[in-house]
Amino acid sequence: MKKIYHLSTCSTCQRIIKELQPLTNFELQDIKSTPITQKQLEHMHSLSNSYEALFSKRAILYRERNLKEQNLTEDDFKNLILEQYTFLKRPVIINEDQIFIGNSKKVVEAAKKAIHH
């Protein structure tokens, strides 16, 4: 499976997708218009072994809900991501059995290497 979970309104996601071109055989899923399913999230978890790694602590709701003050479990992270798309760290790039989460330079470079080699 080759897939990128992203937000079409996010300029960072757009820039990264442009940077990763050509994306042959990749499916793009805008998580705002097509929310991720529990099955998709569980697949991401099977590759990353962590819901926390998939969770964005930069989300405005994370601060608004004072989630930083709570001791969140893996189940909490999973449920929050399923409840609100903004909690998914973006983009999530799946290249067969590899997963690349987030937009750090290092992650994007690793994804680019994996996709084009």
Side-chain angles (χ1 to χ4, degrees):
M1 172 159 105
K2 293 180 176 226
K3 191 162 193 161
I4 299 177
Y5 297 93
H6 69 105
L7 203 50
S8 62
T9 54
C10 169
S11 58
T12 302
C13 286
Q14 290 170 344
R15 176 183 54 78
I16 290 169
I17 289 169
K18 199 175 278 180
E19 206 176 308
L20 295 174
Q21 296 296 336
L23 287 170
T24 317
N25 302 324
F26 269 83
E27 180 187 342
L28 298 176
Q29 180 172 331
D30 181 349
I31 59 173
K32 187 174 184 180
S33 57
T34 310
I36 58 169
T37 64
Q38 184 166 339
K39 189 176 176 197
Q40 288 172 324
L41 184 57
E42 286 168 357
H43 180 249
M44 289 181 221
H45 180 266
S46 74
L47 296 172
S48 67
N49 295 316
S50 167
Y51 287 111
E52 187 173 3
L54 294 160
F55 188 86
S56 173
K57 291 183 177 170
R58 286 183 173 173
I60 293 166
L61 282 176
Y62 182 71
R63 288 191 296 276
E64 284 178 358
R65 293 188 189 178
N66 282 329
L67 295 173
K68 188 179 182 179
E69 312 308 315
Q70 298 173 29
N71 197 359
L72 299 174
T73 64
E74 279 287 285
D75 275 346
D76 293 330
F77 288 121
K78 176 184 179 180
N79 293 329
L80 286 164
I81 292 169
L82 287 171
E83 172 199 321
Q84 178 55 264
Y85 71 88
T86 58
F87 284 129
L88 182 68
K89 192 182 275 188
R90 303 174 301 269
V92 174
I93 303 162
I94 296 178
N95 186 35
E96 306 300 349
D97 60 350
Q98 298 172 297
I99 189 165
F100 303 92
I101 305 163
N103 56 29
S104 75
K105 227 177 207 138
K106 200 170 138 188
V107 168
V108 174
E109 280 306 310
K112 197 189 292 186
K113 233 177 229 169
I115 289 167
H116 298 296
H117 290 100

### Under-4.0 Å salt bridge between R15 and E19
yes
### Task
Spell out, as yes or no, whether a donor-acceptor pair under 3.5 Å connects the side chain of E96 to the backbone of M1.
yes
### Message
To the nearest 0.5 Å, what is the distance between CD1 on I36 and CG on L41?
### Response
4.5 Å
### Task
Group every Ile, Leu, Val, Met, Phe, Trp and Tyr by side-chain heavy-atom contacts under 4.5 Å, then state whether F100 and I16 land in the same group.
yes
### Message
Using every non-hydrogen atom in the two residues, find where L28 and H6 come nearest and quote the distance to one decimal.
### Response
CB-NE2, 3.7 Å
### Query
Should K78 and F55 count as side-chain neighbours, where that means a heavy-atom distance under 4.5 Å?
no
### Heavy-atom side-chain contact between S56 and L88 under 4.5 Å
no
### Query
Does Q14 use its side chain to pair, donor to acceptor, with the backbone of T9 at less than 3.5 Å?
no
### Message
Restricting to non-hydrogen atoms, name the atom on A111 and the atom on I93 that form the minimum distance, rounded to 0.1 Å.
### Response
CB-CD1, 4.0 Å
### Under-4.0 Å salt bridge between E42 and K39
no
### Message
Is the ring pair Y51/H45 parallel, tilted or perpendicular, if the boundaries are 30 and 60 degrees?
### Response
parallel
### Message
Would you say that Y85 contacts L7 through its side chain, given a criterion of any heavy-atom pair below 4.5 Å between the two side chains?
### Response
yes
### Query
Is it true that atom CZ of R65 has more than 12 heavy atoms of other residues, nucleotides or ligands lying nearer than 6.0 Å?
yes
### Query
Would the number of heavy atoms belonging to other residues, nucleotides or ligands and lying under 6.0 Å from NZ of K32 be above 12?
no
### Task
Apply the side chain to side chain contact (heavy atoms under 4.5 Å, CB included) test between I4 and each candidate in V92, I94, L20; give the one that qualifies.
L20
### Summary
In short, S48 meets I101 closest at the heavy-atom pair CB-CD1, 3.8 Å
